[in-house]
Visitor: 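There's a structure below that I have some questions on.
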Amino acid sequence: MSTFKVVVTDYEFATLAPEQEVLSQVEGVEFVAVQCRTEDEVIAAAKDADGLINQYAPITRKVIESLPNLKVVSRYGVGVNTIDIDAATEHGVMVGNVTDYCMDEVSDHAFALIMACARKVVLLNEAVKAGNWDFKVSVPIFRLRGRVLGLIGLGRIPQSLAQKAQAFGMKVVAYDPFVPADVAAGLNVELLELNDLCAQADFVSVHAPLIDATKGMIGEEQFKAMKKEAFIVNTARGPVIDEKALIAALQQGEIAGAGLDVVEEEPIQADNPLLKMDNVILNPHVAWYSEEAQLELKRKTAQNVADVLSGYYPTYLFNTKVKEKVELKQKG
């Protein structure tokens, strides 16, 4: 008879073997994988679950209050916007994420989008394939060295991006009210207020997590502050940018273009005006991906659950205030 039940609420992976391998180290775990999309589906599938592994399914207050055995929710990724953190903390449920995965992948991808915007790579590719061999399609292109990269957020991924951009001779500025000035100075990054950053930057790269305070934080006011030659890149979460304001700014020529790995509604809807804009590069939320990063993500997400079921706080504990409710052992 199983001691614990762990439910994967939803997933996009071809295999869950790495998760199963990690959880097999805990005695008596029943492992169940389902594909839930709604609160009610999660509740029905996981009503007796001790742990959840989650990708996109909503882990709301209703879900948490309906799962009396629940001890831990571990999410694939850095962001935890699918989970009601307050409700989890109130009910003594650990919330885990994986804060140190895909740093290279996302920072590389953000810089790839910056380079593609700067050099008009996609536009020129499409022109050549359409039979137009003419560099003037790309006019104007500006030298990257000496240009200003503005980072919205200065956590691990944008810090990695800053180093890569600086290697190309770019000046880096950032907006992050939670990062001490001495940390930024140590990275040779100047901290600015949000609108000042938008006014100075030639490229704005978004790395803020999606929480109530950041939803729509890049909107009409920020786009009006930006240079007409500036580009915005987003490899974080779509709703951090007010998409209607972005579309308007692009249509009105307030900014030069955008490189977007994420959008407000995913998959992108067929009638979204962004799809018809030559100065917009769109990717399907892929910045996180490499074979190595995917394996690391899966194992560490499962390990958060294994830790809690083994009586330990997870290595990647997001809601640290839950320690006031539940006392477990500290690993290491």
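These numbers come from the heavy atoms of this one structure, side chains and all, not from hydrogens, waters or symmetry mates.
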Visitor: Y101 ring centre to K300 NZ or CZ under 6.0 Å, with the angle to the axis within 45°?
Guide: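 Relative to the ring axis of Y101, which defines the angle, K300 lies outside at least one limit.
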Visitor: Should we say atom NZ of K215 is surrounded by more than 12 heavy atoms from elsewhere, each under 6.0 Å from it?
Guide: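 Open: at most 12 neighbouring heavy atoms sit under 6.0 Å from NZ of K215.
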Visitor: Mark yes when over 12 heavy atoms from residues, nucleotides or ligands other than Y56 sit less than 6.0 Å from its OH; otherwise mark no.
Guide: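 Yes, enclosed.
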Visitor: Indicate yes or no for a side-chain donor-acceptor contact from D202 to the backbone of V148 under 3.5 Å, with no hydrogens or angles considered.
Guide: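 Present.
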Visitor: What residues form a ring-ring contact (aromatic ring centres under 6.0 Å, His included) with F231, not counting sequence neighbours?
Guide: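 F231 satisfies ring-ring contact (aromatic ring centres under 6.0 Å, His included) with F203 only.
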Visitor: Check whether D307 reaches the backbone of P314 with its side chain - one donor and one acceptor, N or O, closer than 3.5 Å.
Guide: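 Checking the backbone N and O of P314 against the side chain of D307, no donor-acceptor pair under 3.5 Å is found.
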Visitor: I'd like to know if E90 and K325 make a salt bridge, using a cut-off of under 4.0 Å between side-chain N and carboxylate O.
Guide: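 Here E90 does not pair with K325 in a salt bridge, since their nearest N and O are not under 4.0 Å apart.
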Visitor: Quick check against the 3.5 Å criterion: does T214 have a side-chain atom that pairs as donor or acceptor with the backbone of P209?
Guide: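 Here the side-chain-to-backbone pair exists.
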Visitor: Consider only side-chain N and O atoms of H109 and N283, and report whether a donor and an acceptor are under 3.5 Å apart.
Guide: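 Yes, N283 and H109 have a side-chain donor paired with an acceptor closer than 3.5 Å.
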Visitor: Backbone N or O of G79 within a donor-acceptor pair of the N97 side chain at under 3.5 Å?
Guide: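 No.
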Visitor: Might you work through the side-chain contact (heavy atoms from CB on, under 4.5 Å) test for V172 and L151, ending with a clear yes or no?
Guide: CA-CA 7 Å; V172 182; L151 303 172; 3.6 Å; yes
Visitor: Apply side-chain contact (heavy atoms from CB on, under 4.5 Å) to the pair N304 and I53, showing each step before the final yes or no.
Guide: CA-CA 9 Å; N304 282 333; I53 293 175; over 6 Å; no
Visitor: Name each donor-acceptor pair under 3.5 Å that joins a side chain in residues 111-128 to protein atoms two or more places apart or in another chain, with its distance.
Guide:
{"unit_1": "K120", "atom_1": "NZ", "unit_2": "S138", "atom_2": "O", "d": "2.9"}
{"unit_1": "K120", "atom_1": "NZ", "unit_2": "P140", "atom_2": "O", "d": "2.8"}

Visitor: Assigning hydrophobic clusters by single linkage (Ile, Leu, Val, Met, Phe, Trp, Tyr; side-chain heavy-atom cutoff under 4.5 Å), is Y175 placed with V173?
Guide: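 Yes; V173 is reachable from Y175 via cluster members.
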Visitor: I'd like to know if K62 pairs up with D40 as an ion pair, taking the criterion as any Lys NZ or Arg NE/NH1/NH2 lying under 4.0 Å from an Asp or Glu carboxylate oxygen.
Guide: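 A salt bridge is present here (some side-chain N lies under 4.0 Å from a carboxylate O).
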Visitor: If you look at every heavy atom in M217 and Q222, which pair is closest and at what distance?
Guide: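 Looks like O-OE1, 3.2 Å.
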Visitor: When you measure from the centre of the six-membered ring of Y312, is the NZ or CZ of K331 closer than 6.0 Å and no more than 45° off the axis?
Guide: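 The answer is no, since K331 fails at least one limit relative to Y312.
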Visitor: Any carboxylate oxygen within less than 4.0 angstrom of a Lys/Arg side-chain nitrogen, looking at K164 and D104?
Guide: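 Salt bridge flag = yes for D104 with K164.
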Visitor: Measure from NZ or CZ of R147 to the centre of the six-membered ring of F142, then state whether that distance is under 6.0 Å and the direction lies within 45° of the axis.
Guide: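 Yes - R147 lies over the ring of F142, closer than 6.0 Å to its centre and within 45° of its axis.
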Visitor: Have T60 and D84 got a donor and an acceptor in their side chains that come within less than 3.5 Å?
Guide: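 No donor-acceptor contact under 3.5 Å links the two side chains.
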Visitor: With a cut-off of 6.0 Å (strictly less than), are more than 12 heavy atoms of other residues, nucleotides or ligands near CD of Q200?
Guide: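 For Q200, atom CD is crowded (more than 12 foreign heavy atoms under 6.0 Å).
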Visitor: Find the distance between CE (M94) and OG (S74) and round it off to the nearest 0.5 Å.
Guide: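 Result: 12.5 Å between the selected atoms.
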Visitor: Hey, does V7 have a side-chain heavy atom less than 4.5 Å from the side chain of E30?
Guide: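 Not touching, per the 4.5 Å side-chain cut-off.
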Visitor: Counting neighbours of CD on E327 that are heavy atoms of other residues, nucleotides or ligands and sit closer than 6.0 Å, is the number greater than 12?
Guide: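 Incorrect, the count does not exceed 12.
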Visitor: Any side-chain heavy atom of L149 sitting closer than 4.5 Å to one from S205?
Guide: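 Side-chain contact under 4.5 Å: yes.
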Visitor: With a 6.0 Å cut-off on the ring centroids, do Y76 and F13 count as close?
Guide: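 Yes.
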Visitor: Answer yes or no: is there a side-chain heavy-atom contact under 4.5 Å between P273 and Q251?
Guide: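 SC-SC contact between P273 and Q251 confirmed.
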Visitor: Is there a side-chain contact between E27 and F4 (heavy atoms, below 4.5 Å)?
Guide: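 Result no, sub-4.5 Å side-chain heavy-atom pair not found.
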Visitor: Measuring from atom CD1 of I247 to atom CD of Q252, what distance do you get when rounded to the nearest 0.5 angstrom?
Guide: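 The distance works out to 11.5 Å.
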Visitor: Does a donor on one side chain sit under 3.5 Å from an acceptor on the other, for R75 and T301?
Guide: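 Judged by distance alone, the side chains do not pair up.
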Visitor: Could you please spell out the steps behind the side-chain contact (heavy atoms from CB on, under 4.5 Å) verdict for N81 and I211?
Guide: CA-CA 7 Å; N81 50 291; I211 57 176; over 6 Å; no
Visitor: Any salt bridge linking D242 with K244? Criterion: basic side-chain nitrogen under 4.0 Å from a carboxylate oxygen.
Guide: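 No, this pair does not count.
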Visitor: Cluster question for you: counting only ILVMFWY and a side-chain heavy-atom cut-off of under 4.5 Å, with indirect links fine, are L309 and Y313 together?
Guide: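 Per the 4.5 Å side-chain linkage, L309 and Y313 are co-clustered.
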Visitor: Are the charged groups of E254 and K224 less than 4.0 angstrom apart, N to O?
Guide: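 A salt bridge is present here (some side-chain N lies under 4.0 Å from a carboxylate O).
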Visitor: Take L282 and L275 through the side-chain contact (heavy atoms from CB on, under 4.5 Å) test and state the conclusion after the steps.
Guide: CA-CA 8 Å; L282 291 163; L275 289 167; 3.7 Å; yes
Visitor: Is E65 paired with R61 through a side-chain N to carboxylate O contact shorter than 4.0 Å?
Guide: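 Looking at R61 and E65, the cut-off is met.
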Visitor: So, do V22 and P18 sit near enough that their side-chain heavy atoms are less than 4.5 Å apart?
Guide: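 With C-beta onward as the side chain, the pair stays apart.
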Visitor: Between the main-chain N or O of A256 and the side-chain N or O of K227, is there a donor-acceptor pair closer than 3.5 Å?
Guide: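 Checking the backbone N and O of A256 against the side chain of K227, no donor-acceptor pair under 3.5 Å is found.
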Visitor: Taking only residues at least two apart or on different chains, which pairs with a member in residues 259-286 satisfy salt bridge (charged side-chain N to carboxylate O under 4.0 Å, His left out)?
Guide: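 The answer is none; no pair qualifies.
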Visitor: Evaluate the side-chain proximity of L328 to V326: yes if any heavy-atom separation is below 4.5 Å, no if none is.
Guide: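 Yes - at least one pair of side-chain heavy atoms lies under 4.5 Å apart.
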Visitor: Is there a path from V233 to L161 through hydrophobic residues (I, L, V, M, F, W, Y) whose side chains come within less than 4.5 Å of each other?
Guide: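 Yes; L161 is reachable from V233 via cluster members.
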Visitor: Less than 4.5 Å apart, any side-chain heavy atom of N188 and any of Q166?
Guide: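 In contact.
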Visitor: Is the shortest side-chain heavy-atom distance between L260 and I281 below 4.5 Å?
Guide: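 They are not in contact (no side-chain heavy atoms under 4.5 Å apart), so the answer is no.
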Visitor: Applying the 4.5 Å side-chain criterion to the ILVMFWY set and letting contacts propagate, would V262 and I268 be lumped into a single cluster?
Guide: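 No, it is not one cluster - the side chains of V262 and I268 are not joined through contacts under 4.5 Å.
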Visitor: Kindly give the heavy-atom pair with the smallest separation between T82 and A57, and that separation in Å.
Guide: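 Answer, listing the atom of T82 first, then A57: CB-O, 3.8 Å.
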Visitor: Measure from the side-chain N and O atoms of E39 to the backbone N and O of I59, and report whether any donor-acceptor pair falls under 3.5 Å.
Guide: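 Side chain of E39 to backbone of I59: no pair is present.
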Visitor: Using a strict threshold of under 4.0 Å (side-chain N to carboxylate O), is an ion pair present between D50 and K71?
Guide: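 Result for this pair is yes, salt bridge flagged.
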